[in-house]
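Here is how names work: the chains are called A, B, and so on, in the same order as the sequence lines, proteins then strands, and each is numbered from 1. All figures in this text were calculated on a predicted structure; none of them were measured in a lab.
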Amino acid sequence: MFARDYRDLAGSGFLCAAGFSVALNTVPSSGTVSQMGRGSVPATPGFLLASLGAAIPATAWFRSGGLPKIDWHATIFIMLGVLGFALTIAPFGMVPAITLLIVASALADDRISPLGALILSSALCLIAYLVFRLGLGIVLEPFRWPF
Amino acid sequence: MSLIENASIGLGVALTWHNLLYCFVGVFLGMVVGVLPGIGPLATISLLLPITFYLDPTTAIIMLGGVYYGGAYGGSITSILLNLPGSTSAAVACLDGYPMTRQGRGGIALLATTMASFFAAAIGIGLMMLFSPLIAAAALQFGAAEYFAMMLLGLVAASTISIGSPIKGYAMVILGVGIGCIGTDVNTGLTRFTFGIPELYDGIGLAAVAVGLFGISELIASIKEADQKVSDPKAFSFRSMIPTRDDVRRFWGPMLRGSAIGSFMGVLPGVGGTIASFMSYAVEKRISKEPERFGRGAIEGVTSPEAANNACDQTAFIPTMTLGIPGSAVMALMLGALMIHGITPGPNLITEKPEMFWGLVMSFWVGNVMLLLLNLPLIGIWIRILQIPFHILVPGILMVVCIGAYAINNTVFDVYVMLAFGALGYAMRLTEFPPAPLILGFVLGPLMEENLRRALLISRGDFMVFLERPISAVLVIATAALIAWAIWTAIRGPRQSVLEQPAD
């Protein structure tokens, strides 16, 4: 626990930054009310966001609060898995992409063995082929070779 | 056209084999995700959104609708058996449902929620059939100013009434509107926030945003979820479900009151099943002659919220389908699913595409009958689903999500968008910023901009147009009143909610 609610203060900092950058970038292209430019509509949310962000510390500053527990391990491996999927699906096809995704997400949790992950990913590849390729007719080749 | 004629058109659509199959898939999936804690209908509908691109629009919305109201049936099972809400709207069912299970009356609680859910859904669908054509006819008179004011009220209501800090809700709605601005400005043809990336010229896709915000962040949070220890499925035989005469006597009143509260709340913008169920629980407790029974296994405390929750889920479709204005994030996704197919729901939908509107309505009947039949006999299966370990379930869902995101446009770009919003969603989860208002803002933002500009173009830039037209003036005043109320309660300090009161 801390004397101030740093979690909300961080959120408010992010909102202020996002709001101000949007507002400052859109105001020059706002135009007038009867001749609206492209920036007119996004400028309003920009200002509102910045002012709401500034309003949050009004209470968070005087309130004690804890920091959330971030599960870095799970976050990083799941993100890496999705990234791996994104990088392999177009050049190498569905099966390698799914295998990479499943192995990475299995590493996000320590309850599944490497062999278990492999079995799971082969089963899921088969299901994906049946459901997406045959069932829904989505064009997804199981294997591809870019070279 | 008469109601009977319309209903028969709808039945003709709903009873085709194809639609029956997808309706079944929808309600079954809805039950499954409703039962599983952590994964709710909102996440599931986001996950299915890319896949519906490959279906006929009517079929797609029938399936997504099924997931939505199916989830409401399933959620209460977990609440009653495990004291763990399967979905947020079923949280109230824990209060009295779990004590009933501990007293060995879990079977009766399940029976009561199923019957109440079906009854309330029937009332909700009935109201939708009666009132939708009337509302659509009235809405034909609405101009751009009215639409803008209505959407504004919807957004403000959704973020004010949501559970948690209203400031955070407002901030997320506004962030959503901002993200909705990405892409080409339709009025000037110039691009906004595209940073020179050609993929962003068309704006970012709803499916990728929704899957990232609700799906990926949910999966990160739930992969380490402990496996559930569930009581023996055999304990829930049909014999255990026979209610006592006292139960039956206490059944009807709460069910009717819950249905009435839920039906009313469903139509209001921003009020979802969660709030309707909390509200009806509070009402039951207040009017009860023995309020001390609540929290200790009162059957009224299960029946009424479940009825409210299901009625609400059905009537929530009324503003979405007749006005094109979604009141909640789930409804925004439904709207998005139709917009992916180039259909914008609005007052013209009922007359222009009667087979779609009435097909959807009649599929609600079909789906609810399916749920009634699936729910209790398959209780053993639902309990076994709870036993699937999360470390096997999560990778499987992750795969569906990734393939879905890739398959929307056959580009990897959507997968990256999903990943980015997954990170944002997880960060928002940690800092307790609600993701639902963001989606609502994202979907409604561009529609609001269009109507705002049209209204101002007609009035030659005079903002008084929103106050000069009576309907729009009422809506604007209501919006202002809501904001004032939110500020007032924020200064006065938070109210004590039903849940925070000690349960025993």
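- In this structure, His341(B) contributes its side chain and Thr52(B) its backbone to a donor-acceptor pair below 3.5 Å.
- Proximity to chain B involves both the backbone and the side chain of Leu124(A), based on heavy atoms less than 4.5 angstrom apart.
- Residue Val401(B): no heavy atom, backbone or side chain, is found under 4.5 Å from chain A.
- No part of Met448(B) comes within reach of chain A, as not one of its non-hydrogen atoms sits under 4.5 angstrom from that chain.
- Using a 4.5 Å cut-off between heavy atoms, Ala423(B) contacts chain A through both its backbone and its side chain.
- In this structure, chain A has no heavy atom under 4.5 Å from any part of Met428(B).
- Heavy atoms of Tyr416(B) lying under 4.5 Å from chain A belong exclusively to its side chain.
- The CG atom of Leu398(B) sits 4.5 Å away from atom CG of Leu101(A), with the distance rounded to the nearest 0.5 Å.
- Proximity of a side-chain donor or acceptor of Thr59(B) to a complementary backbone N or O of Leu55(B) within less than 3.5 Å is not detected.
- Residues Leu213(B) and Ser46(B) are not in side-chain contact: their nearest non-hydrogen atoms beyond the backbone lie 4.5 Å or more apart.
- How far CD1 of Ile483(B) is from OH of Tyr170(B): 5.0 Å, rounded to the nearest 0.5 Å.
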